[in-house]
Engineer: 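The structure's right below; bear with me while I get my questions together.
Residue numbers start from 1 in every chain, and the chains themselves are labelled A, B, ... in the order their sequence lines are given, proteins ahead of strands.
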2 protein chains.
Amino acid sequence: MYLKNNIRRLLVYRQCLIKFKELGFEIVYSYNLGCEANVSPEQVRKDFSKFEIKEGRRKAGYKIDHLLESLDTIFKKDKDQNVILVGMGNIGKALSNYKGFAQHKIVICAAFDIDPSKQTKSYKIPVYPVENISMIVKRHNVKIAIIAVPKSGAQEVCDRLIANDIQGIINFSPINLKSPKNVYINNIDLANEMESLIYFTLNK
Amino acid sequence: MYLKNNIRRLLVYRQCLIKFKELGFEIVYSYNLGCEANVSPEQVRKDFSKFEIKEGRRKAGYKIDHLLESLDTIFKKDKDQNVILVGMGNIGKALSNYKGFAQHKIVICAAFDIDPSKQTKSYKIPVYPVENISMIVKRHNVKIAIIAVPKSGAQEVCDRLIANDIQGIINFSPINLKSPKNVYINNIDLANEMESLIYFTLNK
DNA sequence: TTTTTATTGTGACATTATTAACAAAATATA
DNA sequence: TATATTTTGTTAATAATGTCACAATAAAAA
Ligand SMILES: NC(=O)c1ccc[n+]([C@@H]2O[C@H](COP(=O)([O-])OP(=O)(O)OC[C@H]3O[C@@H](n4cnc5c(N)ncnc54)[C@H](O)[C@@H]3O)[C@@H](O)[C@H]2O)c1
Ligand SMILES: NC(=O)c1ccc[n+]([C@@H]2O[C@H](COP(=O)([O-])OP(=O)(O)OC[C@H]3O[C@@H](n4cnc5c(N)ncnc54)[C@H](O)[C@@H]3O)[C@@H](O)[C@H]2O)c1
């Protein structure tokens with residue numbers, strides 16, 4: 001199984017490639033990509049090798065379009081991925097307003113909130129009571145959910161999502177959710193990210 | 001130098017410890033902490049050992065308060081850390097509204113935006129034109145900044161921050177900022193986080 | 001008191017990740 | 001054409017990280 005850092009770097013490479021492409025370039029060397037992505041050229045080649053991306057040509061580098069196609073295959077970018085959002089508060093609103101997900105073929109198709117005043121059509125995406133999760137998940141074939149509720153409600157929300165066959169969760173609440181191990185959870189704890197930054201900044 | 005994962009885990013341990021404490025517990029075993037933090041007990045002990053936290057007692061575990069004190073020392077939680085925010089859009093507003101940072105002794109003391117309509121006192125924190133960064137940084141002894149502007153402006157903002165002696169940056173814009181290596185940068189790319197979650201979910 | 005049990009802290013081992021080295025191949029140059 | 005140069009892909013070497021094993025020892029039980 002490929003590990004988190006590999007995947008992370010591949011995603012960074014993709015962004016760099018898109019940038020290069022927008023700038024009008026057609027080929028890159030591992031050296032260029034490494035510079036832009038802040039890793040060594042050897043690391044770039046090693047990562048490609050691991051994912052069996054071997055379309056580079058000695059002395060002629062890689063065609064950017066080819067690389068992007070390979071990455072799209074790895075990340076299954078052939079069709080949109082529907083995602084639901086639970087908790088239409090500060091973070092929830094920010095995410096639901098974000099236009100950049102479209103480029104990644106990620107579509108937040110609906111949100112859910114327990115606060116009836118949020119259950120309106122006045123946001124960019126419809127906001128339903130949590131009881132409707134089941135219906136929407138089935139209708140839009142949703143496998144992925146975002147938890148953006150206060151930590152007091154996060155485990156309960158998580159349980160409900162899993163009961164509705166959600167397979168992957170991105171969790172913004174600052175607790176470690178309990179879940180069966182076939183459900184993948186990506187915790188994004190922004191306060192801890194800040195702390196970690198502060199730690200490395202002050203101890204460098 | 002301690003590595004990112006160590007620090008990350010320590011921060012997770014702290015959250016778990018706070019939770020245990022709130023539940024009325026006074027001691028923990030590495031086993032309990034491991035369960036809660038989703039790591040092995042050996043990993044917990046190894047992490048403690050590495051940071052010279054050796055106040056456990058065989059068969060009697062660790063006093064939660066002692067552990068929290070040690071962690072506070074490592075993370076210098078004796079005083080507030082002032083932070084500035086550049087870009088008062090979706091993400092910027094969410095962060096500036098968040099009450100949870102206080103618990104971590106993180107204070108977002110001011111925000112900056114190029115849009116004059118945002119430069120008001122109507123938000124929780126004052127929003128200034130970017131020209132004022134220098135003044136505020138000096139006044140509040142700021143070392144850390146958050147970049148929450150569109151990617152087109154991110155490098156320019158980054159350069160300005162560094163010119164004003166900012167030492168650490170948390171960057172929400174989806175590009176790799178160029179910076180001298182004595183400036184620590186923590187990139188949080190939410191779209192990539194989503195993609196990484198989707199990858200692992202669909203390939204598990 | 002003595003024995004048993006549980007738990008820490010760490011050194012040895014295993015695994016994983018990164019870096020370095022280099023042959024093979026493509027291009028450029030003479 | 002032949003030679004020099006550049007860049008890939010992969011193997012080998014090194015470094016980092018995580019797991020295992022266990023002595024030391026505190027607490028509990030006998
Ligand atoms: N805002 C930030 O910048 C920030 C930073 C770090 C962490 N977080 C974490 O992200 C999460 C969301 O933060 P926020 O600032 O957006 O919170 P918020 O209070 O603004 O919004 C939470 C939303 O969730 C809804 N909600 C509460 N319980 C619910 C439930 N059981 N089911 C469905 N909806 C429910 C509320 O009605 C509200 O709309 C929190 O866990 C917070 O700790 C936020
Ligand atoms: N909103 C999200 O959920 C989300 C998700 C993923 C990534 N991001 C990234 O986070 C960043 C911010 O996103 P957002 O949705 O908050 O954007 P936004 O457009 O809502 O807000 C950006 C703010 O930055 C200000 N700004 C622009 N250029 C500036 C400059 N040079 N100096 C100072 N201020 C400037 C704008 O006036 C605006 O207020 C973007 O780079 C975006 O790609 C956001």
Engineer: Report the C-alpha separation of B:D115 and B:Q119 in whole Å, then their side-chain angles, then the decisive distance to 0.1 Å, and conclude whether the side chain to side chain donor-acceptor pair (under 3.5 Å) test is met.
Structural biologist: CA-CA 7 Å; B:D115 179 352; B:Q119 295 159 7; over 6 Å; no
Engineer: Atom CG of A:L33 to atom P of D:dT7: distance rounded to whole Å?
Structural biologist: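 About 14 Å, once rounded to whole Å.
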Engineer: What integer distance in Å separates B:K4:NZ from D:dA16:P?
Structural biologist: 17 Å
Engineer: Apply side chain to side chain donor-acceptor pair (under 3.5 Å) to A:N182 and A:Q167, showing your working.
Structural biologist: CA-CA 7 Å; A:N182 65 327; A:Q167 306 283 304; 5.0 Å; no
Engineer: Measuring to OP1 and OP2 of D:dG18, would you say a side-chain N or O of B:N5 lies under 4.0 angstrom away?
Structural biologist: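 For D:dG18, OP1 or OP2 has a side-chain N or O of B:N5 closer than 4.0 Å.
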Engineer: Between A:Q43 and C:dA17, is there a contact of a side-chain N or O with OP1 or OP2 at under 4.0 Å?
Structural biologist: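 For C:dA17, OP1/OP2 do not have a side-chain N/O of A:Q43 under 4.0 Å.
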Engineer: Classify the ring geometry between B:Y199 and A:F51 as parallel (under 30°), tilted (30 to 60°) or perpendicular (over 60°).
Structural biologist: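 Perpendicular.
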Engineer: Once you round it to whole Å, what is the distance between P of C:dA17 and CG of A:N6?
Structural biologist: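 For the pair A:N6 CG and C:dA17 P, the rounded distance is 6 Å.
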Engineer: Could you state the atom-to-atom distance from CZ of A:R8 to P of C:dA17 in whole Å?
Structural biologist: 13 Å
Engineer: Would you say A:Y62 reaches D:dG9's phosphate, i.e. side-chain N/O to OP1/OP2 under 4.0 Å?
Structural biologist: yes
Engineer: Where the side chain of B:Y29 is concerned, which of D:dT10, C:dT8, D:dT7 is the nearest nucleotide?
Structural biologist: C:dT8
Engineer: So if I define the base as every atom that isn't primed, P, OP1 or OP2, how would nucleotides 25-30 of chain C read as a B/S/- string at a heavy-atom cutoff under 4.0 Å?
Structural biologist: BBBS--
Engineer: Between B:I27 (CD1) and D:dA27 (P), how many Å, whole number?
Structural biologist: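 Whole-Å distance recorded here is 11 Å.
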Engineer: How would you label the contact of A:Y31 with the nucleic acid (heavy atoms, under 4.0 Å): base, sugar-phosphate, or nothing?
Structural biologist: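 Contact class for A:Y31: none.
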Engineer: Protein-nucleotides 12-15 of chain C N/O pairs closer than 3.5 Å?
Structural biologist:
{"residue": "C:dA12", "atom": "N6", "partner": "B:K46", "partner atom": "NZ", "Å": "3.3"}

Engineer: Quick one: do B:F101 and B:L95 satisfy side-chain contact (heavy atoms from CB on, under 4.5 Å)? Show the steps, please.
Structural biologist: CA-CA 9 Å; B:F101 288 134; B:L95 294 170; 3.9 Å; yes
Engineer: Parallel, tilted or perpendicular: which fits the ring planes of B:Y13 and B:F48, with parallel below 30° and perpendicular above 60°?
Structural biologist: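 B:Y13 and B:F48: perpendicular rings.
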Engineer: Students often get this wrong, so: under 4.0 angstrom with heavy atoms, is B:E42 touching a base, only sugar-phosphate, or nothing?
Structural biologist: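 It contacts base atoms.
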Engineer: With a cut-off of less than 4.0 Å, is there a side-chain N or O of A:K50 near OP1 or OP2 of D:dT10?
Structural biologist: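 For A:K50, the contact criterion (side-chain N or O under 4.0 Å from OP1 or OP2 of D:dT10) is not met.
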Engineer: Taking only the side-chain nitrogens and oxygens of A:R9, find out if one of them lies under 4.0 Å from OP1 or OP2 of C:dT18.
Structural biologist: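 For A:R9, the contact criterion (side-chain N or O under 4.0 Å from OP1 or OP2 of C:dT18) is met.
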Engineer: Please table the atom pairs, donor to acceptor, closer than 3.5 Å between any side-chain atom in residues 67-76 of chain A and protein atoms at least two apart or in another chain.
Structural biologist:
{"residue": "A:S70", "atom": "OG", "partner": "A:E55", "partner atom": "OE1", "Å": "3.2"}
{"residue": "A:S70", "atom": "OG", "partner": "A:E55", "partner atom": "OE2", "Å": "2.6"}
{"residue": "A:S70", "atom": "OG", "partner": "A:H66", "partner atom": "O", "Å": "3.2"}
{"residue": "A:D72", "atom": "OD1", "partner": "A:R14", "partner atom": "NH1", "Å": "3.3"}
{"residue": "A:T73", "atom": "OG1", "partner": "A:E69", "partner atom": "O", "Å": "3.0"}
{"residue": "A:K76", "atom": "NZ", "partner": "B:N203", "partner atom": "OD1", "Å": "3.4"}

Engineer: Starting at atom CZ of A:F51, determine the distance to atom C1' of D:dG9, rounded to an integer number of angstrom.
Structural biologist: 16 Å
Engineer: Expressed as a whole number of angstroms, how long is the span from A:E55:CD to D:dG9:P?
Structural biologist: 8 Å
Engineer: OP1 or OP2 of C:dG9 less than 4.0 angstrom from a side-chain nitrogen or oxygen of B:S49, does that happen here?
Structural biologist: no
Engineer: Could you tell me how far apart A:D47 (CG) and C:dT16 (P) are, to the nearest whole angstrom?
Structural biologist: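 About 16 Å, once rounded to whole Å.
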